[in-house]
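Notes for the one structure printed next.
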Amino acid sequence: MSDSAAPLEHVVEALLFLATEPVSTAELAEACEASEAEVDRAIDLLGEVLSEGRRGLVLREVGGGWTLATDPAAESAARRLLAKPRTPPLTQAQAETLSIVAYLQPVSRPEIARIRGVSSESAVSTLHERGLIEESGRSRFGAVVYRTTPLFERLFGLTGLDALPDPAQFDPTPEDERELRERLLRAGEQRATT
Amino acid sequence: MSDSAAPLEHVVEALLFLATEPVSTAELAEACEASEAEVDRAIDLLGEVLSEGRRGLVLREVGGGWTLATDPAAESAARRLLAKPRTPPLTQAQAETLSIVAYLQPVSRPEIARIRGVSSESAVSTLHERGLIEESGRSRFGAVVYRTTPLFERLFGLTGLDALPDPAQFDPTPEDERELRERLLRAGEQRATT
Amino acid sequence: MQASDLDLDLDAFSGPFDLLLALVLREELSLAEVALGEIVVAYVEHLDREGDLDLEAATEFLVLIASLLELKSRLLLPAPEEDDEPLLGPEEAADELLARMLEYRRYRAAAGHLAELFGTGRRYLYRSAPPPPELRRASLDAARHVYEPASLAEALGGLLRTPPRPDTSHIRPTVSLERRLGVLRELLRRGSAFDFDDAFGSEDRLTQAVTIFALLEMHKRGEATWEQDETFGPIRVTAR
């Protein structure tokens, strides 16, 4: 063992805390530079400390490896903490992406990128992660298409999609009769070439 | 408290395990449906169990909230397991630039360059890439201004920006300052007479 | 390489650049005796050998050499007349310099403190695994009206706007000294002499000016010489 001072079960606990997937005894042994028998003993000790009801975390054996999980008793508190909608102010990229999805839905990532003139991967994933947009199938060309969610309507105080404000007052050429989608794509292409 | 069976410190430990960002006392209290005083007590209890050297995990107060981290004793095993290289230390230029951003935020590149006396482009971009600073808008003159990120507070173990020491403590004593001034003055006079 | 490590072999001094700086600052070596041009040449030659340009180091060098030049120009030029535009007196100059040094010192010291914190802080590792999705899903009940719908219409309006084509008329082709040096050397390789007007008379003024600079540089390095018998007469450039 290389981290000489620390008992092996402490190091194992730290490793399981950091790992996103279950870790096998062999992998633990290699990382700790210890034998598998030593790791087994450490796992036993740890399992005793982290058995249900003893602490907030429990040691579990799943899928051929070891992992830490939260005690089921904490579930409702976890839901209250984590299921709260996150609503920091939207960045320019997020607001643009969201407005495209809101007004054109369903709309695909490539279309969003063409209209904005830049790849919009990170704005799309943030909006998706925050539950403002969701996947709603695939386009003719096989690309995932997006639409807004009921959470979106709630956070924007909208009674429905038909309550979205008319963009006319912000429209530089409101007299243009063409369809909104076509106009946005055209403007995006022009921006891309300048 | 709603999860009647489990002691609050167990629930708090579980919440901190699940959350990917530091969680404030107020947020914990809301999620646990407990008072902040109760959460404070639970944090005290948890902090005792999770103090350095006691287990594999430690409780830390950083970036305006509470979070769990691995004990430094497990660092090398963790890097072997996750195949993660050690984060490189900051270069002198990066550390100086970061200290200017930390104390003067929001601050623009030209301001940083003025204080350091050299252009600091590459230090700014490296700090930006490493997620320690981020853009926070534009100055009156249109220059991008920077601020530090929550990751900065976490990596530097700061409870918040107000935990930075008063920079005046690094200033020379009045005697040193007077002497420095006299030396400069003498040099200037000699130059003027040559 | 840091600019301070640059090795110098000058008439008045031989050794690393930072030692030269130290001697000048301690006034053990008079700047009047040091040919700053030679330092620049040494640095440019060093860059040539090195091949790639370290921006940080180059910047540091420029700052150092610029301050030396400023110092030297003050040494060499006569003190300004009384009623000239008011320059900073020695006292004000010292104060200003002092204020700047103190400001920089403060952040340099704070940087040391931060680097220490970082050294300790980076040994703690944090969990980055996201919580299970079923715990994360935002609940509709907890959602409140926080965003303004008009912001969406506004963002969309912005996307309908097409930018005017940028005006590029002010952009002029750049002329590099390096390239002009190349052209001159090539001309001198082909014949050992040429007439400036014949070779460059049809170029624009900027190119002509930079070419003259390049000639000056070559003259200094002993690569070429030139003569002009009368003002505005033809210029004859000869290889040496």
Side-chain angles (χ1 to χ4, degrees), chain B residues 17-20 58 60 62 67-72 74-75 78-79 82 84 86-87 89-90 92-100 102-104 114-119 121-123 154-158 164-165 167-172 177 180-182 184-185 187-192 194, chain C residues 25-27 30-32 54-56 58-64 67 71-72 74-76 79 88-132 135-136:
Chain B
F17 173 81
L18 290 171
T20 43
V58 292
R60 304 201 85 205
V62 285
T67 189
L68 299 181
T70 58
D71 192 296
E75 190 196 356
R79 294 196 190 279
L82 306 172
K84 255 207 221 152
R86 203 177 151 77
T87 30
L90 298 176
Q92 179 68 17
Q94 288 161 5
E96 286 177 13
T97 303
L98 187 58
S99 79
I100 293 169
Y103 280 101
L104 300 185
R114 186 188 62 75
I115 294 171
R116 292 198 55 230
V118 289
S119 148
E121 301 294 314
S122 100
R154 196 145 29 124
L155 291 183
F156 285 73
L158 297 165
L164 284 169
Q169 76 174 72
F170 303 119
D171 290 349
E177 192 176 325
L180 202 56
R181 183 174 183 280
E182 269 158 25
L184 284 170
L185 204 53
E189 274 160 2
Q190 277 176 14
R191 227 180 290 148
T194 36
Chain C
L25 290 176
R26 276 192 259 136
E27 298 177 29
S30 166
L31 257 187
D54 174 354
L55 269 186
E56 196 103 22
T59 313
E60 186 200 342
F61 177 78
L62 281 177
V63 170
L64 293 175
S67 21
L71 217 61
K72 184 164 180 175
R74 285 203 197 182
L75 270 176
L76 298 180
L88 290 183
E91 196 136 337
E92 287 96 334
D95 279 341
E96 196 192 291
L97 199 54
L98 182 67
R100 291 189 60 166
M101 280 174 61
L102 288 181
E103 190 181 25
Y104 173 61
R105 242 175 94 132
R106 162 183 290 191
Y107 294 106
R108 203 180 50 183
H113 177 74
L114 282 184
E116 237 167 72
L117 284 183
F118 188 60
T120 320
R122 72 196 164 121
R123 300 174 53 228
Y124 294 91
L125 302 174
Y126 299 91
R127 186 175 154 86
S128 56
L135 285 179
R136 249 183 319 159

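Every chain is numbered from 1, with letters handed out A, B, ... down the list of sequences. In what follows, every heavy atom counts, from backbone to side chain, and hydrogens, waters and symmetry copies are set aside.
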Is C:Arg122 close to B:Leu155 at the side-chain level, that is, under 4.5 Å between some pair of heavy atoms? no
Measure B:Glu177 against the heavy atoms of chain C and call it side chain, backbone, both or neither at under 4.5 Å. both
Residue B:Arg114 versus chain C: region with a heavy atom under 4.5 Å: both
Assert top hit (heavy-atom pairs under 4.5 Å, partner chain B, pool C:Ala110, C:Ala129, C:Gly121) equals C:Ala110
Does the ring of C:Tyr126 carry B:Arg154 above it, NZ/CZ under 6.0 angstrom from centre and within 45° of its axis? yes
Check whether the side chains of C:Tyr124 and B:Glu75 place a donor and an acceptor atom closer than 3.5 Å, and report yes or no. no
Quick one: what part of B:Ala19 sits under 4.5 Å from any heavy atom of chain C, side chain, backbone, both or neither? neither
Using only atom types and a distance under 3.5 Å, with no angle test, would you say the side chain of B:Thr20 pairs donor to acceptor with the backbone of C:Ser128? no
Ion pair C:Glu103/C:Arg108, N-O distance below 4.0 Å: no
Non-hydrogen atoms of chain C under 4.5 Å away: do they reach the side chain of B:Leu68, the backbone, both or neither? backbone
For chain C, which candidate among B:Leu98, B:Ile100, B:Asp71 shows the most heavy-atom pairs at distances under 4.5 Å? B:Ile100
Does a side-chain heavy-atom distance below 4.5 Å link B:Leu164 with C:His113? no
Could you tell me which of C:Leu117, C:Thr120, C:Leu114 has the largest number of non-hydrogen atom pairs under 4.5 Å with chain B? C:Leu114
